[in-house]
**Q** 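Structure in structure tokens, see below.
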Amino acid sequence: MNDQLSADAILACLLPICLFLISFAWLGMPTLSLRNILDIIKGRTHSSGNYPYFSREHAVASYDLYYEMASAELASMRKSYSKLGRAHKRIGYELGYPRKLDKLQATIEANDKVVRGIRRRARETIPSIKRTRMPENGDILRVRETLKHFVRDWSSESVSERTAIFQPILDALQTEEPTKRGGMSVLVPGAGLCRLAWEISRLGFSTTAVEISPFMTLAFRFLCSPEYTNRIDQHVLHPYSYWFSHQQKNENLFRDISFPDVVPNLASNLRLEEGDFLTHRSPSGGYDYVVTLFFIDTSMNVISTMEQIYSLLRPGGQWINLGPLLWPSGAQARVELSLEEVFDLIRMIGFKLEDGNDVPEVKRRKTVPSEYTADRYAMMKWIYQAEFWVATKPE
């Protein structure tokens, strides 16, 4: 009897995995190997070969393979459509569904023009990439995320989204006298495509942006290269075309969005550091401000992250935060804290939260409804009740 129960338990565990693997084979999606899938199940985060997940090689390989991966998904969609019966296929034809899939193919080709520019720029500026055997698999989700960040950070399409989350931070920084800002330093970890860091540098602060993802840093360097980007709205993307759900009209789904809305020529007071924020070293005396936007909840260990923020600030320096608490899934985060627990942790580390009538209104705690890489025409809206606060390291 016990043997039978054990066998049933093993079968119950293995059956979902088997169905998962079979579904990838049936859909004809070559971008994930058996090893990749086992890595996902086991929670590993490296790409094929010996390259870490957050490596330039993995990022460049993903940009290399974007067209192939996106075309493979489209082939799977065509295959699904072909399985309709004759009568339903005729209805699909009258609805224009084959033409819709053809339109998706055209947007893949248009997006690949930007992707090709990113990878060409990477190979021109990173000689080691040319000599390295590249991984065989890529991450199309990371590529798409980066393309949507071009829209979020550098297009007129997303001005309202940016304003909602940037302005509280910029208002807090602008309490400093303009004449003093040149001698003050600001650190922006998790900078992404660096629009916030760029805006802070324009206020006159000496600004350091730190970003661990080479998907982001390679894309930002493409954007800042005069050879590839030298005028407003030079590049065109179709960032939402792959996601057919929650769409009212096909014209919204396939619409093109131009970027950048400004040409981000880098000034001498903005520096990009590619690497892990937890290993970042502060300048002599520490930073005057550390600014975190949609960042702390990406931490595997938020205690270490907050301790690092504290250590990087000079005595009297301030931490400005705005974001939600969307912790990494799958029990990856060491702790997953409520907002109340986050505030308790802030005080335990040694910070003083700025709140009360004696604090300038722009530095008081508040909740900021916000979106993140949102499609403004979609039928679904995801609104974060992001929390804004300023915390001071005691003198």
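This chain uses plain numbering: 1 for the first residue, then up along the sequence.
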**Q** Looking only at heavy atoms, which two atoms of Thr292 and Ile296 are closest? And how far apart?
**A**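 So the two residues come closest at OG1-CG2, 4.1 Å.
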
**Q** Are the aromatic rings of Tyr372 and His149 close, with centres under 6.0 Å apart?
**A**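 Ring centroids of Tyr372 and His149 are less than 6.0 Å from each other.
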
**Q** For residues Phe215 and His58, establish whether the separation of their ring centroids is below 6.0 Å.
**A**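 Distance test on ring centres: under 6.0 Å, yes.
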
**Q** For Pro168 and Lys366, which heavy atoms make the closest approach, and how far apart are they?
**A**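 That closest heavy-atom pairing would be CB-CE, 4.2 Å.
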
**Q** Return the CD to OG1 distance between Glu199 and Thr207, rounded to the nearest 0.5 Å.
**A**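 That separation rounds to 11.0 Å.
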
**Q** Parallel, tilted or perpendicular: which describes the rings of Phe244 and Tyr97, with under 30° parallel and over 60° perpendicular?
**A**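 Rings of Phe244 and Tyr97: perpendicular, as their planes differ by over 60°.
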
**Q** Side-chain donor-acceptor pairs under 3.5 Å in residues 280-287, sequence neighbours left out?
**A**
from	atom 1	to	atom 2	distance (Å)
His280	ND1	Glu273	OE1	3.0
His280	ND1	Glu273	OE2	2.9
His280	NE2	Tyr287	OH	2.7

**Q** Quick one: sort the Phe222 and Phe150 rings into parallel, tilted or perpendicular, breaks at 30° and 60°.
**A**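 It falls in the perpendicular class, over 60°.
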
**Q** Do the ring centers of Phe254 and Tyr240 come within less than 6.0 Å of each other?
**A**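 No, ring centres 6.0 Å or more apart.
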
**Q** Taking all non-hydrogen atoms of both residues, which atom of Pro369 and which atom of Ala164 are closest, and how far apart?
**A**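 Scanning both residues, the minimum pair turns out to be O-CB, 4.4 Å.
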
**Q** Give a yes or no on whether the ring-centroid distance for Phe351 and Tyr310 is below 6.0 angstrom.
**A**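 Here the rings of Tyr310 and Phe351 have centres that are less than 6.0 Å from each other.
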
**Q** Kindly indicate, with the supporting measurements, whether the criterion side chain to side chain contact (heavy atoms under 4.5 Å, CB included) is fulfilled by Glu354 and Arg365.
**A** CA-CA 7 Å; Glu354 298 297 321; Arg365 274 185 54 196; over 6 Å; no

